[in-house]
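Following: one structure in structure tokens, then a few remarks.
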Amino acid sequence: MIIHNTIKNNINNVMKKLVLSLVFLSFLFQPIAKADEGMWLPMLLGEQVYADMVKKGLKVSKEQLYSMNQACIKDAIIIFGGGCTGEIVSKEGLIFTNHHCGYSAIAAASTVDHNYLKDGFWAKSKSEEIYAPGVHAQFLIKIVDVTDKVNEKMKDIPSLELTQKLPGILAEMATKETEGTAYEGRIASMFKANQFLLFVYERYKDVRLVGTPPESIGKFGGDTDNWEWPRHTGDFSIFRVYTNKEGKAADYAADNVPLKAKYSLPVSIKGVKDGDYTMIWGYPGGTNRYETSYGVKLKTDIENPSLVDLRDVRLKYMLEEMKKDPAVKIQLAGNYAGIANYWKFFDGESKQLLKYKTYEEKQANEAAFLAWAKGKPEYENVFNDYKKIYDTWRPYAKQRVYMTEGIFGSPLIAFASSLQKLDATLSKKDVTKEEITKAVDAAKTARTNFIKAENIVSDKNILAFVTQAFYNDIDPAQHPAGFYAMINSKYGDLKSKATYEALSKDVFANTAFLDNTKWDAMVANPDTAVLHKDPAFMIANAFNTNFNSKYAKLFSDFNAQNFVIGKTYLKGILEMNKGKKMYPDANFTMRVSFGNVKSYSPRDAVKYSHVCTLTGVLEKYKPGDYEFDAPVKLIELAKAKDFGQYMDADAKDIVVSFISSNDITGGNSGSPVINAKGELIGLAFDGNYEALSHKIKFDKDLNRTINLDVRYLLWVVEKLGGATNIINELDLRKM
Ligand code: ARG
């Protein structure tokens, strides 16, 4: 799951008028958690928040949630891979996570002949488990407040240099704090750099695939159903953590042994009822709940629509090729899923932000803040400052999206762009042999990865499209100097699609990056002149040079100022709300959110049930369809009502998934949904379409988390996979 930075824009008369109605407005102010809003730091719950959890139904003690002295729930929660959550469910280190979290690892283990993505995979014994290179499991060891130490370091740095320097400083401090231990540290900034916490982790690098359903279960409904309820996806996969024989974290070795888990979650098969207590633990990647009205407007006016338009077409070209050839399908699957997931997200986010009038609500919040800030010199200019920086940056914001999501949306050009480092090294005065060798080796590795992922047909179409889109949609004053004149003279009319197709064809026919002989010659004798003549490099270079010479500084100034103003704004908000319950924005640190299983009404006259079942899978099933096919065996089992101990007593069916009111976001994928007694009842895997504004605004009525019912997982493992070995490892609770 990916974390996206949000950005910003304009103060007006409306705000001045709104200042007047302060008393009325102050309760609108968003940072105070209400309803089921809140992603809480489990170690800093405080009596107030814990009491709220108990009031909602929680039955376990605070020490059972989070403790430094005893094994507890927090010890079963892991960072899975680069951006997901997983949970330990057996004494032997078994992990449950989402199918979409294991997706790239499953694709990487697949070939056309052993196609685990398509057919699923079940290890019937530990020796059959498949090592998943690059997939790591990280356990949280402890958290330390290092705010004073960081402030001490920040004190001497000019505030406008903080965005640049702080990450390095924090990394260095974290390394120092964990020096000489087997752990690694990361310092996270909370409340926009008003608090700093050191998180200490232990990283396990030997993680193996234990089981996965076929994609037709794990991704049933595809992108059509993604971000939507009702949802019939069996979004799970199963892995295991291994250690060396001493029980220590270690690199992969064939004779490593399963982790002896400190704590593992018991699994309840009792089922859920509307209103049941639910808490979700995990690693939400990013929210921006203190986003300003300026940021919201920039997002809905420019950033989101641009990204969506560009991804629309890139996805179309990729899918065309994936549908033609199963090998291409495996090759592009992971990338495609990532691009598609946030393509739909950002489209929905804009729609919901507009529907909820979030811009206007933010303006009202800001007016309330200004009224409070009146006469406080530190704070009273915050929104004038915001207005200034957004006014300055806004005219260039679209161009930046057209670079990152457009021009560099072509994998060839993105690779070519990565070679600018090699180019810079080669052009350096007094460059050493070692430096060149290092840069060349990096380029070779990058190329190997690029070639592995490259589908030429779709990329060729993408390049033609993005170069034309940039020409059509971006202010000509912001075009790279001479670039389009060159295209015009070489390939023809700039308004014609054929021109860009001719350009793209030429680039793909002549670049050395796709030709092994030419590439080998190039890296054997690296030379900037040769690099600069490569047609793919020329394109990357033209756009990079344009951006770097004229707009990069504007962008970094914008970010630097945004950081400084934001820090002040949040300091003010914390002061203004002293004594109230507040949670920091998500930043991929461990959080817990609590709520209830909860049905909802998305619009007039429509009521959504809190669960959906196998009956719905049968209803949606379309044999042979790209998104709604399902394994024949699943259909047979469903029709035969062969449900075993996993049948839901109320539905007389298998419950596939259920919804709850928890506050989560991307990064929480794979997170355990835990009941009042501390037992696993499901795996969070999505949010609902009606509340896709949630990174910026939590909607207390319509926000829902979509959770896989763990009984569906168990039923698939047992009945479809026949992997009773997995079931036998679990601590199943029937009552
Ligand atoms: N929307 C889900 C999330 O962000 C990912 C679902 C993956 N499925 C898909 N059809 N792309 O956690």
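In listed order, ligands and their atoms are each counted from 1.
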* Of Lys344, Lys620, Arg231, the residue whose pairing with Asp225 passes salt bridge (charged side-chain N to carboxylate O under 4.0 Å, His left out) -> Lys620

* Ligand-side contact atoms (ligand 1) for residue partner Gly222, heavy atom cut-off under 4.0 Å -> 10 (N)

* **Shortest heavy-atom approach to atom 9 (C) of ligand 1 - which of Glu215, Lys219, Glu228, His100** => Lys219

* Does ligand 1 have any atom that is closer than 4.0 Å to a heavy atom of Gly666? -> no

* Is Lys695 close enough and on-axis enough to Phe345, meaning under 6.0 Å and within 45°, for cation-pi? -> yes

* With under 30° as parallel and over 60° as perpendicular, where do the rings of Phe236 and Trp122 fit, or are they tilted in between? -> tilted

* To do: Check step by step if salt bridge (Lys or Arg N to Asp or Glu O under 4.0 Å) holds for Glu291 and Lys299.
  => CA-CA 11 Å; Glu291 180 58 291; Lys299 221 175 193 323; over 6 Å; no

* Structure fact -> To atom 8 (N) of ligand 1, the nearest of Ile706, Asp235, Asn226, Asn98 on a heavy-atom basis is Asn226

* Applying a 4.0 Å heavy-atom criterion (strictly less than), which segment of Phe685 is in contact with ligand 1: side chain, backbone, both, or neither? -> backbone

* To do: Below 4.0 angstrom from a heavy atom of Asp686, which ligand 1 atoms are there? Numbered from 1 as shown, please.
  => 1 (N), 2 (C), 3 (C)

* Over-ring placement of Arg186 relative to Tyr201, 6.0 Å and 45° cut-offs -> yes

* Answer yes or no: are there more than 12 heavy-atom neighbours, outside Lys357 itself, under 6.0 Å from its atom NZ? => no

* To do: Examine ligand 1 and decide if any of its atoms is less than 4.0 Å from a heavy atom belonging to Ala340.
  => no

